[in-house]
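Nothing here was measured: the structure is a model prediction, and the numbers come from that model. Start at 1 and go down the list; that is how both ligands and their atoms are numbered.
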Amino acid sequence: MDLTPGTRALVIGGDVRAAGQVARLLADGAEVTVIAPSVTPAIEDLAGRGLIRWQARDLDGGDLAGASVLLSEPIGTTPDPGVPRAGSVTLVGGGPGDPGLLTVAGREAIEAADVIVADRLAPLAALTWARPGTEIVDVAKIPGGRSTSQERINELLVERARSGRHVVRLKGGDNHVFGRGGEELLACLRAGVEARVVPGVTSATAVPALAGIPVTHRGLAQGFTVISGHVPPGHPDSTIDYAALATAGTTIVVLMGVRTLSAICAALADGGLATDTPAAVVADGAMPSQRVVRATLATIDEAAAGISPPAVAVIGGVADVPGLA
Ligand code: SAH
């Protein structure tokens, strides 16, 4: 769809198919309002991040003035009678958010799926490629809100595949980069369910790239280290040696690190990394709301104070390549 930027789009209904339409409209530059008394977690998440407006009520006549109206299709959950006996699970890496960054093999798997189990950071617009009868299950984990446990997700994949259906497990980025892909694969294999992997474009390299940051720019970095900032340095669950990282000479890419960025920067500085080392934070990469903040190891936490997840932080000379930054 080619929309004039700022087109007001009204989506009536908040089920998971509506979430696909919402994501596509957002990617096309529309200002989206969803009207539905209740919504699927993926829509709640987009509203919580301020990317769309959600009015939790029924439609009334005045809503239609000046808006393009889109009605979501009903979810078809009736199994297709032509479904083959032996089901399967395909872990599909959805890339960082723009459906254009999903692989051709990933798209083919979505188009052929009987069931899609989709995550919060998956490119939801890709759900519009699913066949009308495909069952879509929203297992978005909203930080501090609604979520589906990993055990339940594993069970869902196995149950649906055992009933003879082709299941796509759609995640953001690459399923094997902080995506629990290994666990889901093992759950399938242990249950005797055929499973395969379609790797995805990980945000660890793609999101910096979209902000003009080549993680291994020649002459600046001979490697990059991707870490999770889920727990801060010094936390009992942290297994990262920040002092070693500080002197390793590689670019440092931090995922899930918005809350812990200042503690991580302090640990790296304590470990001997120069405080004037360039640093950047890229939020909502590959989405219309993408933002980039650039500073140094000493100042990035303050510069990025207003940034909310999802965001990737990059620390190293590559965050400030003359001509690209
Ligand atoms: N499997 C994913 C990573 C999952 S962990 C991948 O390979 O990309 C979730 C973290 O990924 C977020 O906290 C954020 O750090 C990063 N992330 C994912 N999508 C992002 C995006 N579009 N923009 C910025 N960061 C993103």
Side-chain angles (χ1 to χ4, degrees), residues 23-24 26-27 41-42 45-46 48-52 90-103 106 117-126 139-145 147 150 153 168-185 197-213 215 224-232 237 240 251-265 279-294 300-301 304 306-315 319:
R24 206 153 94 172
L26 260 184
D45 177 58
L46 291 173
R49 285 157 59 200
L51 299 176
I52 61 161
T90 307
L91 305 185
V92 174
D98 175 348
L101 295 177
L102 209 148
T103 65
V117 180
D119 238 62
R120 187 170 84 91
L121 294 178
L124 296 175
V139 294
K141 291 182 186 120
I142 298 182
S147 75
Q150 187 61 47
I153 293 171
V168 160
R169 172 68 171 123
L170 182 63
K171 297 217 64 154
D174 184 279
N175 302 57
H176 285 354
V177 178
F178 304 129
R180 307 191 72 164
E183 290 162 67
E184 293 175 359
L185 208 50
V197 178
V198 176
V201 173
T202 180
S203 64
T205 52
V207 168
L210 292 169
I213 302 172
V215 289
F224 61 98
T225 309
V226 181
I227 63 166
S228 161
H230 185 61
V231 289
D237 293 341
I240 296 171
T251 299
I252 301 162
V253 178
V254 188
L255 303 194
M256 296 179 276
V258 171
R259 265 183 316 109
T260 52
L261 189 61
S262 70
I264 289 172
C265 291
V281 171
V282 189
D284 287 355
M287 298 178 212
S289 46
Q290 176 173 307
R291 334 187 262 303
V292 187
V293 174
R294 291 175 204 276
I300 191 68
D301 61 332
I307 292 281
S308 38
V312 172
V314 185
I315 300 161

> What residues come within 4.0 Å of ligand 1, counting heavy atoms only?
Replying inline: Pro96, Leu121, Gly172, Gly173, Asp174, Val177, Phe178, Thr202, Ser203, Val207, Leu255, Met256, Val282, Asp284, Gly285, Met287, Pro310, Ala311, Val312
> Nearest heavy-atom pair of Cys265 and Ile300: which atoms, and what distance?
Replying inline: SG-CG2, 3.5 Å
>> My understanding is that only one of Thr205, Leu101, Asp98 makes a side chain to side chain contact (heavy atoms under 4.5 Å, CB included) with Leu210; could you say which?
In response: Leu101
>> I'd like to check the side chain to side chain contact (heavy atoms under 4.5 Å, CB included) partners of Ala27; sequence neighbours left out, ordered by chain and number.
In response: none
> Among Thr103, Leu91, Asp174, which one satisfies side chain to side chain contact (heavy atoms under 4.5 Å, CB included) with Pro199?
Replying inline: Asp174
> Who are the side chain to side chain contact (heavy atoms under 4.5 Å, CB included) partners of Ala311, not counting sequence neighbours?
Replying inline: Val258, Val281, Ala283, Ile307
>> Checking Val226 now: which residues fulfil side chain to side chain contact (heavy atoms under 4.5 Å, CB included) with it, not counting sequence neighbours?
In response: Phe178, Ala204, Phe224, Val253, Leu255
